[in-house]
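If you're wondering where the values come from, they're calculated on a predicted model, not measured in any experiment. Lettering of chains follows the sequences in order, A, B, ..., and the numbering in each one begins at 1.
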Amino acid sequence: MATITYREALNQALREEMRRDPDVFIMGEDVGVFEGAYKVTVGLLAEFGEKRVRDTPIAELAIIGLGVGAAMTGLRPVCELMTVNFSLLAMDQIVNHAAKIHYMFGGRVKVPLVIRMPEGGGFQLAATHSQTFDSWFGYVPGLRVVSPAFPADAKGMLKSAIRCDDPVIFLENEALYNTRGEVPEGEYLEPLETAAVRRNGTDVTLIANSRMTLVALEAARRLEEEGIDAEVIDLRCIRPLDRETLVQSVRKTNRAVTVEEGWRSFGWGAEVAASLSEQAFDYLDAPIGRVGGAEVPMPYARNLEKEAIPDADDVIAAVRRLYK
Amino acid sequence: MEPDRKDATGTTDQRPGETSFDQQLSRYSREELLQWAYQMLLIRLFEEKTAEMYTRARIGGFVHLNIGEEATIVGAISTLRPTDYLYSNYREHGHALVKGVEPKRIMAELYGRATGTSSGRGGSMHLIDVERRFMGGYAIVGGSQPLAVGAGITVTYKGTDDIVMVIFGEGATNGGSFFESLNMAKLWRLPVVFLCVNNQYGMGTAVARASAVPEIYRKACAFDIASERVDGMDVLAVREVVSRAVARAREAKEPSLIEALTYRFRGHSMSDPQRYRTEEEVKVWRARDPIPAFRELLKKAGLATDADFERQQQEVARVVAEAVDFAEHSPAPGLDTLYQHVLVEDKGAC
């Protein structure tokens, strides 16, 4: 297995799927000549040409709307929005159209559309360019929402997303693009509805997604030094949510902390906590802890931004509170 | 706004001079002409029955009727081939009928029955028939415009000579969706006919109170898109103008914007007291009812008689009655189907 970056893994997935299926095409701002704002689409225009790698105007509503229309009529578009922050301009097309069409028309038409979006903070881009909307999209029936944390998943889940007949919201934390990991070459598919246990432990379950999985793993390593053996679950999919894996883990550890980069109130951590209290209440030895981003529009100043984004210290503090 | 025949010939595009009715009539077979009269009547009687059944609480939700717009609908949609795609809006019963969707399946959908076009999940505003390439009614104003442009990508991508038509009201030409869609349709040379049914009011707001440029067809010039305005009460005039746009799409792979000036004789929806327009105005437009006007034309040309129209009346009444009967006797969707079709590849999780 080759060790490559998360970015390269995504590029591999796109390239392989475009070679495999002539109906797959890419559309988005600066995906072609510029080769992607985050360089995910490097080399694709050269290989596949303008018909299949389409630079669009800055018009998010139309990018997604055209994608939905193309998907309904037999193509498999992969739309890239430059960042998730701009998806708000396309929200009507995502929520009222992509997510509704299959159900609203009685299953008679499908929308096999992938919407790739970089997200997350940490780059001093301030309030409008640092957001994480996993929970917003997760709220909507009719969408699949995934957020891979590792290069292997980035590849395997993107390939599955492109082959999936449902609209898939594919969230890529910007801080992950340069992370490296082993990625199987060639055909490699990961499911779009299961969580993954990344570290086995017996004392507490840390439930995270995307980049926060790395934060949770760091916290787990440090907790081990304190004699706390943490299990780390990488959610991978926000919708559908793999509650079963979470419940099984908590039955073993009897404690849980959710770790998300987005705002804590009404975030997916609240949904996970509610599900665990419904399905594993008798197994819980402490209230479920929740770690999330500070509930402020993201500030620019480096120290304020760092304070606003959850880190391993925040996770460790939340775990310690369970033992008080 | 009163009908303005001068405006109705306005155009930013090259077009031949006025064509006389006789010249127009001579282009079409008697069968075609009678078929269009039939379709206009089908829309009228279907919608009148829909209004009746709505009043009798057999139909729920919002219901927007096409009464008054029949000439626009038939003139435009009759130019399409069966394999051409049609995207619509929420005032779309007539659009579906003319694209060939079975009346009984439309009525069943209005009734919320399992046998409806959308299995009772969509209702009046969300009809669909993929086999007939009626790609759906959409209830977010402007929402279907980019979808149609996306279908335009598909037909050019696949290299077919199908085209796409999208129908929307004049109220859907002031939002971002309209401008983003026109821009990309022209940028990528996609075969999309944008048909604006200008029925003068966006709910209760007159066009001139909502659009800085109330002549909608003029908005196309920003994108160098060919556009024309046509009298939407004249089925042959609509047919002629839309045919040009369809040919432009099919042969030159170019989009067009057509504005049909028309009027809805009823309110915006069934729950509209219509305080925003005068009775006089409604009367003026009702005097231009496209159905009797077209019948007179055919009679004067010696192509049809009152007996022909009487037969059509009876046939359409029978079809509409059958549709109601079918809907009345169709089952409601099973409660066990509530979660069906949320996802295509549903593995039971949510």
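Residue contact with chain B, scored on non-hydrogen atoms closer than 4.5 Å, involves the backbone of A/Pro22 exclusively. Contact of A/Leu89 with chain B is not made at all, since no heavy-atom distance falls under 4.5 Å. Both the backbone and the side chain of A/His102 come within contact range of chain B, judged by heavy atoms closer than 4.5 Å. Proximity to chain B (any heavy atom under 4.5 Å) is shown, for A/Glu271, by neither the backbone nor the side chain. Contacts between A/Asn96 and chain B at a heavy-atom distance below 4.5 Å involve the side chain alone, from C-beta outward.
Counting only heavy atoms from C-beta outward, the side chains of A/Ile63 and B/Glu180 never approach each other to under 4.5 Å. Within the 4.5 Å cutoff, side-chain heavy atoms of B/Met184 are placed close to those of A/Pro57. Counting heavy atoms from C-beta outward, B/Tyr87 and A/Met72 have side chains that approach closer than 4.5 Å.
No more than 12 heavy atoms of other residues, nucleotides or ligands shown are found within 6.0 angstrom of CZ on B/Phe62. Other residues, nucleotides and ligands place more than 12 heavy atoms under 6.0 Å from the CD atom of B/Glu328. Other residues, nucleotides and ligands contribute at most 12 non-hydrogen atoms within 6.0 Å of the OH atom of A/Tyr283. A 6.0 Å sphere centred on OH of B/Tyr157 holds more than 12 heavy atoms belonging to other residues, nucleotides or ligands. Under a cut-off of 6.0 angstrom, the local environment of CD in A/Glu47 is crowded, with over 12 non-hydrogen atoms contributed by other residues, nucleotides or ligands.
A donor-acceptor contact shorter than 3.5 Å is absent between the side chain of A/Arg108 and the backbone of B/Ile128. Side-chain atoms of A/Asp165 do not come within 3.5 Å of backbone N or O of B/Val344 as any donor-acceptor pair.
The two atoms that bring A/Asp92 and B/Gly143 nearest to each other are OD2-CA, 4.4 Å, heavy atoms only. Of all heavy-atom pairs between A/Phe25 and B/Ile153, the closest is CZ-CG2, 4.1 Å. Smallest separation of non-hydrogen atoms from A/Ala62 and B/Pro146: CA-CB, 4.3 Å.
Ranked by heavy-atom pairs under 4.5 Å with chain A, the first of B/Thr337, B/Leu127, B/Leu147 is B/Leu147. Ranked by non-hydrogen atom pairs under 4.5 Å with chain B, the options A/Ile64, A/Asp23, A/Val68 are led by A/Asp23. Interface summary for chain A: among B/Asn183, B/Thr156, B/Leu338, B/Asp129, the most heavy-atom pairs under 4.5 angstrom belong to B/Leu338. When each of B/Gly122, B/Gly116, B/Ala151 is checked for heavy-atom pairs under 4.5 Å with chain A, B/Ala151 comes out on top. Listed options B/Val149, B/Ile140, B/Val130 were ranked by heavy-atom pairs under 4.5 angstrom with chain A; first place goes to B/Ile140.
In this structure, CH2 on B/Trp188 lies 6.0 Å from OG1 on A/Thr56, to the nearest 0.5 angstrom. Atom CD of residue A/Gln93 and atom OG of residue B/Ser144 lie 9.0 Å apart, to the nearest 0.5 angstrom. Expressed to the nearest 0.5 Å, how far CG of A/Leu61 lies from CD of B/Gln145 amounts to 9.5 Å.
Taking the six-membered ring for Trp, A/Phe105 and B/Tyr138 have ring centres closer than 6.0 Å.
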Practice item. Evaluate the side chain to side chain donor-acceptor pair (under 3.5 Å) criterion for residues A/Thr73 and B/Arg133: first the C-alpha distance (whole Å), next the side-chain angles of each, then the deciding distance (0.1 Å), finally the verdict. Key: CA-CA 9 Å; A/Thr73 47; B/Arg133 298 215 164 162; over 6 Å; no

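Screening A/Lys110, A/Arg144, A/Glu193 for a side chain to side chain contact (heavy atoms under 4.5 Å, CB included) involving B/Leu343 leaves a single residue, A/Arg144.
Geometrically, B/Arg121 engages A/Tyr103 in a cation-pi contact defined by less than 6.0 Å to the ring centre and at most 45° from the axis.
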